[in-house]
Amino acid sequence: MSLKAFHLVFLSASIVLMMTLSAWCFANYRDGGGTSELAWSGVAFAAAATLAAYTRYFLKKLRHISFL
Amino acid sequence: MEIPYTDKARPDTGLYNAKVGIWLFLASEIMLFGALFSSYILLRVQAPLGDWPAMRLGWPHGLLNIPIGTFNTAVLITSSVTVVMAWASLKMGKLAAFRRYMVVTLVCAFGFLGVKSYEYNEKFTHYELRLKSGEVYTGHLAVNGKHPGFWSLSDIWNLDRLNKEKVATVEFVADPKKESHGAKHAEASHEHVTLKPKVADIAHLDAFIPRNHPFFAIYFTITALHGLHVLGGALVMGYFAFPGSRMWKTKPEQFTNRIEVVGLFWHFVDLVWIFLFPVVYLL
């Protein structure tokens with residue numbers, strides 16, 4: 001597996017982590033947490049979206065490099 | 001004698017030597033961290049979720065600073081992006097861009113370690129105080145007017161040492177009360193209370209260090225081991241960014257392969273953190 005393929009694995013894990021963090025913060029907010037919990041949830045969701053956009057850019061930029 | 005397959009891939013495996021080597025090494029690393037993760041999870045699920053320190057047998061919850069942990073996660077994700085960009089720059093023959101990306105990666109690596117030391121300092125200077133009357137507190141200690149420091153490990157106090165050095169009273173700035181599980185955030189207090197208990201009235205006193213609770217033992221073991229990997233990776237990247245980059249002039253393909261191998265190691269270290277952060281900070 002090349003660095004390109006491992007980077008994609010890493011990005012997928014990071015996106016899942018950011019989505020989980022967003023859901024965790026939102027659950028805390030619903031359980032009576034302050035607005036900061038809601039803000040953190042939004043920030044984590046935005047981070048997940050940014051990572052997804054970067055993944056697309058990365059695949060486009062490195063399309064000539066092998067996955068092996 | 002020329003060593004074969006340092007720059008070109010073997011026709012049968014499709015891989016060059018160093019890539020086979022790094023994946024074998026990473027397989028052993030997965031076993032090492034896997035054992036520690038399993039230990040953490042087994043300890044965690046076997047202990048009741050308690051409002052530590054009130055319920056000492058319970059698993060401490062909410063002791064780690066989640067915003068700081070999230071910041072460090074972002075720093076490591078950024079460093080993974082820059083290390084890949086450094087490698088891609090070499091693939092496109094741009095050494096100057098490679099160096100720029102490597103410098104950013106190094107800044108991220110040392111930034112991560114700096115923030116981690118701040119977190120360690122917070123733990124090493126934080127104490128649990130249990131009085132014979134049954135009351136329990138967490139907070140900061142002052143003995144003879146001095147606050148114990150992080151860098152001098154001999155400065156850490158416990159009840160035995162207080163008795164040995166014949167200290168009569170200590171000053172303890174207790175943390176505000178945290179909300180209990182299931183309670184609303186608004187129910188938590190925000191006031192720090194200063195206590196001056198007599199040593200004779202203290203049942204237990206210790207810092208947030210490995211000997212105090214299994215949580216701290218496993219937390220420090222895993223994060224310190226991870227931190228050592230970050231430091232090791234940063235040193236190797238620093239070498240390749242500056243003195244080691246001379247190889248680019250004579251063997252550009254082999255140098256690019258070496259950076260790919262460093263990048264694979266760095267991604268592994270970052271991936272460990274991606275699993276470590278939710279398990280240790282959020283669970």
Side-chain angles (χ1 to χ4, degrees), chain A, chain B residues 9 13-16 19-20 22-23 26 62 66-67 69-71 73-74 76-92 179 181-188 256-257 259-279 281-283:
Chain A
M1 190 193 276
S2 71
L3 182 55
K4 181 183 172 181
F6 200 26
H7 191 55
L8 287 177
V9 171
F10 176 78
L11 287 174
S12 309
S14 302
I15 291 169
V16 171
L17 172 71
M18 287 301 149
M19 297 292 277
T20 310
L21 184 63
S22 176
W24 186 81
C25 290
F26 190 72
N28 279 352
Y29 168 71
R30 283 188 60 178
D31 287 348
T35 44
S36 65
E37 300 278 0
L38 188 63
W40 272 109
S41 174
V43 168
F45 189 79
T50 308
L51 282 169
Y54 164 73
T55 306
R56 240 184 103 165
Y57 162 80
F58 171 76
L59 280 171
K60 216 169 162 184
K61 188 172 175 174
L62 271 73
R63 63 180 176 273
H64 301 301
I65 297 176
S66 154
F67 279 100
L68 193 66
Chain B
T13 61
L15 303 170
Y16 55 87
K19 201 181 270 188
V20 177
I22 191 72
W23 277 110
L26 292 184
I66 295 173
T70 309
F71 173 77
T73 307
L76 283 191
I77 291 174
T78 307
S79 74
S80 284
V81 170
T82 53
V83 84
V84 166
M85 290 302 158
W87 171 65
S89 302
L90 285 183
K91 284 270 185 191
M92 289 182 259
E179 71 270 26
H181 290 286
K184 302 283 181 203
H185 286 236
E187 289 172 15
T256 308
N257 289 345
I259 298 307
E260 184 179 17
V261 164
V262 171
L264 285 169
F265 174 76
W266 193 250
H267 270 66
F268 170 78
V269 172
D270 293 353
L271 198 59
V272 167
W273 181 260
I274 293 292
F275 286 100
L276 197 58
F277 171 68
V279 168
Y281 283 73
L282 305 184
L283 271 185

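Chain naming here is simple, since letters A, B, ... match the order of the sequence lines and numbering starts at 1 in each. Since this is a predicted model, take the numbers as computed values, not measurements. Atom set for the values below is all heavy atoms of this structure, side chains included, hydrogens, waters and symmetry mates excluded.
For the pair A:Lys61 and B:Met85, the minimum side-chain heavy-atom distance is below 4.5 Å. Using a 4.5 Å heavy-atom threshold, the side chains of B:Thr70 and A:Trp40 count as touching. Side-chain contact between A:Ile65 and B:Trp87 is present, with heavy atoms from C-beta onward closer than 4.5 Å. Counting heavy atoms from C-beta on, the side chains of B:Pro278 and A:Trp24 never come closer than 4.5 Å.
Of the listed residues (B:Pro67, B:Ala88, B:Ala74), the one with the most heavy-atom contacts under 4.5 Å to chain A is B:Pro67.
Test B:Val81, B:Ile77, B:Val84 against A:Phe10 for side-chain contact (heavy atoms from CB on, under 4.5 Å) and you get one pass: B:Ile77.
Taking CG of B:Leu15 as the reference point, atom OG of A:Ser2 lies at 10.0 Å (rounded to 0.5 Å). We find the OG-CG distance between A:Ser14 and B:Asp270 to be 8.0 Å, quoted to the nearest 0.5 Å.
Contact annotation for A:Lys4: both backbone and side-chain heavy atoms come within less than 4.5 Å of a heavy atom of chain B. Heavy atoms of B:Trp266 lying under 4.5 Å from chain A are absent altogether. In this structure, the portion of B:Phe277 lying under 4.5 Å from any heavy atom of chain A is its side chain and not its backbone.
Within 6.0 Å of OH on A:Tyr29 lie no more than 12 heavy atoms contributed by other residues, nucleotides or ligands.
Across all their heavy atoms, B:His267 and A:Leu3 have their closest contact at ND1-CD1, 3.7 Å.
For A:Val9, the side chain to side chain contact (heavy atoms under 4.5 Å, CB included) partners at least two apart in sequence or on another chain are A:Met1, A:Phe6.
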